[in-house]
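Each remark here refers to the structure printed beneath this line.
Hydrogens, waters and symmetry mates are skipped; everything else that's a heavy atom, side chains included, is used. A, B, ... follow the sequence lines: proteins, then strands. Residue 1 opens every chain.
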Protein chains: 2
Amino acid sequence: MPAARRIPEATVTRLPLYLRVLEEAAAQRTMTVSSEDLAERVGFSAAQIRRDLSCLGSFGIRGVGYEVEYLMLVINRQLGLDGERRVAIVGAGNLGQALARYGGFSARGFRVVAAFDADPAKVGTLLGDTRVSDASGMLEGLRGAGVEIAVITTPAQAAQRVVDVAVQAGVGSILNFAPTSVAVPEGVALRQVDLGIELQILSFYRHRVGDPAGV
Amino acid sequence: MPAARRIPEATVTRLPLYLRVLEEAAAQRTMTVSSEDLAERVGFSAAQIRRDLSCLGSFGIRGVGYEVEYLMLVINRQLGLDGERRVAIVGAGNLGQALARYGGFSARGFRVVAAFDADPAKVGTLLGDTRVSDASGMLEGLRGAGVEIAVITTPAQAAQRVVDVAVQAGVGSILNFAPTSVAVPEGVALRQVDLGIELQILSFYRHRVGDPAGV
DNA sequence: TCCTGTGAACCGCTTCACAGCT
DNA sequence: AGCTGTGAAGCGGTTCACAGGA
């Protein structure tokens, strides 16, 4: 009986990676993988992986490893990927397009059921295969479509307003790509990704030469 | 004399956020900010911020706070944003477009000096305002343009090949958006962002109801 | 008085090392 | 023999709490 422990945040962020390599393994008709195999594919230690997986229960086979199919099932269920998630994309720019067309979404059960933009020129066009609606109808639109996750790809100055409307519409999870920090009330899940910040972090690690700069 | 200490990785990832809110503050003609002010804007604790900034030297004014302009200068220099960084984008799809047009890049001194795609239909088109070249000329192209950072927005199966060529061309930093883990040799900086994984993490935190699922 | 800079305590995550199961 | 699952140790980062400067 898999004793489901509390799952540390750090572990949660790694589970999707395991899922990705497990799919690769399954595609190669691999039946079982050891923590060592997984370690090689994802790039961190075998101990780390055993510790992570032990949080989900204890279903590895000693002397053998983990059953690929079963492990995928367990991780999928833990992440809540066993059903469908209703997603809205707000902001029909290039990033919104990129996300709407990204195959990895639908493959994981994320369905884009609504799209919004404030620009009249974009309203009525297709984002992936979802028709873009006017942002003025967002509150009702999000409610009506039963959206659980809102993905924000608007300019920075619109982001907080969009978040507020989404929360009001009962959206429980927000993924913010706008280059500004937004606030959500207690109980709403939030993740923020800033593409510009990633480059800045890289920029730091670039000039690792001992540079004892003064003031 | 600001004693420049070693900067923890966690701190580095926060510096760009400080920069962002400092710019907002500067736009509002704010001359100084306290760690408390900053904490409110970025959303973590004042102690955290003081600790982070103390790594860059000690130039806060007790009883007052930090000078906005000077703090920006210090952080910019630490991140290596005081000069220009030559960037290439590989993969001219929607995500590549989104990045090329993203204002936050040029504002921070990141210049897109080359773009590549394997699709003949894309070659010759514009990515932002950079002409897309054929991927077959990537090695020479990257070298010739003196690219320091390669941003990868190709499909997963092309990513590792692109990384290998980039490294061979002397590119020191890689930002990978392709949904697969790539490997780089020692000494090359690497960051990976998977848009799909962010959604999966959110999905986990969504169903926080006590769900004692069995096997 | 007010806020910085920082030792010290604390906390969560990672790694080690090995007992125990197959 | 081989690999999992996990106590225990180790490590990095965060928070506390306060000494000390403006």
Subject >> For atom CZ of B/R14 and atom P of D/dG13, their distance in whole Å >> reply: 9 Å
**OP:** Calculate the interatomic distance between B/D37 atom CG and C/dT4 atom C1'; express it in whole Å.
**Re:** 13 Å
Subject >> Gap between atoms CD1 and P, on A/I49 and C/dT14 respectively (whole Å) >> reply: 12 Å
Original post:
Counting just side-chain N and O atoms, does A/Q48 come under 4.0 Å of either OP1 or OP2 of C/dC13?
Top reply: no
Subject >> side-chain N/O B/S45 vs D/dT15 OP1/OP2, d < 4.0 Å >> reply: yes
Subject >> B/V193 and B/N176, any side-chain heavy atoms less than 4.5 Å apart >> reply: no
Original post:
Tell me: CD of B/E9 to P of D/dG12, nearest whole Å?
Top reply: 11 Å
**OP:** Could you tell me whether the side chain of B/R51 has a donor or acceptor atom within less than 3.5 Å of a complementary atom in the base of D/dT15?
**Re:** yes
Original post:
Quick one: is B/S35 getting a side-chain N or O under 4.0 Å of the C/dC3 phosphate, OP1 or OP2?
Top reply: no
Original post:
Counting only N and O atoms by type, is there a donor-acceptor contact under 3.5 Å from the side chain of B/E148 to the main-chain atoms of B/R86?
Top reply: yes
Original post:
Does B/A25 offer a backbone N or O that forms a donor-acceptor pair with the side chain of B/T30 under 3.5 Å?
Top reply: yes
Original post:
Taking C-beta and beyond as the side chain, do B/Y18 and B/V42 meet within less than 4.5 Å on heavy atoms?
Top reply: yes
Original post:
Out of D/dT4, C/dG5, C/dT4, which nucleotide sits closest to the side chain of B/S34?
Top reply: C/dT4
Subject >> A/S54 side chain, from C-beta outward: closest of D/dG5, C/dC13, D/dG13 >> reply: D/dG5
Original post:
Between B/R77 and B/D82, does at least one N-O distance fall below 4.0 Å, as a salt bridge requires?
Top reply: no
Subject >> Separation of D/dG5 P from A/L53 CG (nearest whole Å) >> reply: 8 Å
Original post:
Rounded to whole angstroms, how far apart are CD on A/E36 and C1' on D/dG5?
Top reply: 15 Å
Original post:
Any donor-acceptor pair under 3.5 Å linking the side chain of A/T153 with the backbone of A/G91?
Top reply: yes
Original post:
Once you round it to whole Å, what is the distance between C1' of D/dG20 and CD1 of B/I61?
Top reply: 16 Å
Please list, pair by pair, any protein nitrogen or oxygen found under 3.5 Å from a nitrogen or oxygen in nucleotides 17-19 of chain D.
unit_1, atom_1, unit_2, atom_2, d
D/dA17, N6, B/R50, NH2, 3.4

Original post:
With no angle test and no hydrogens, is the base of C/dG12 tied to the side chain of A/R6 by a donor-acceptor pair under 3.5 Å?
Top reply: no
**OP:** Give a yes/no answer on whether the side chain of B/Y66 brings an N or O atom under 4.0 Å of OP1 or OP2 in D/dA22.
**Re:** no
Subject >> Between B/Q160 and B/D164: side-chain donor-acceptor atoms closer than 3.5 Å >> reply: yes
Original post:
Between D/dG5 atom C1' and A/D52 atom CG, what is the distance in whole Å?
Top reply: 13 Å
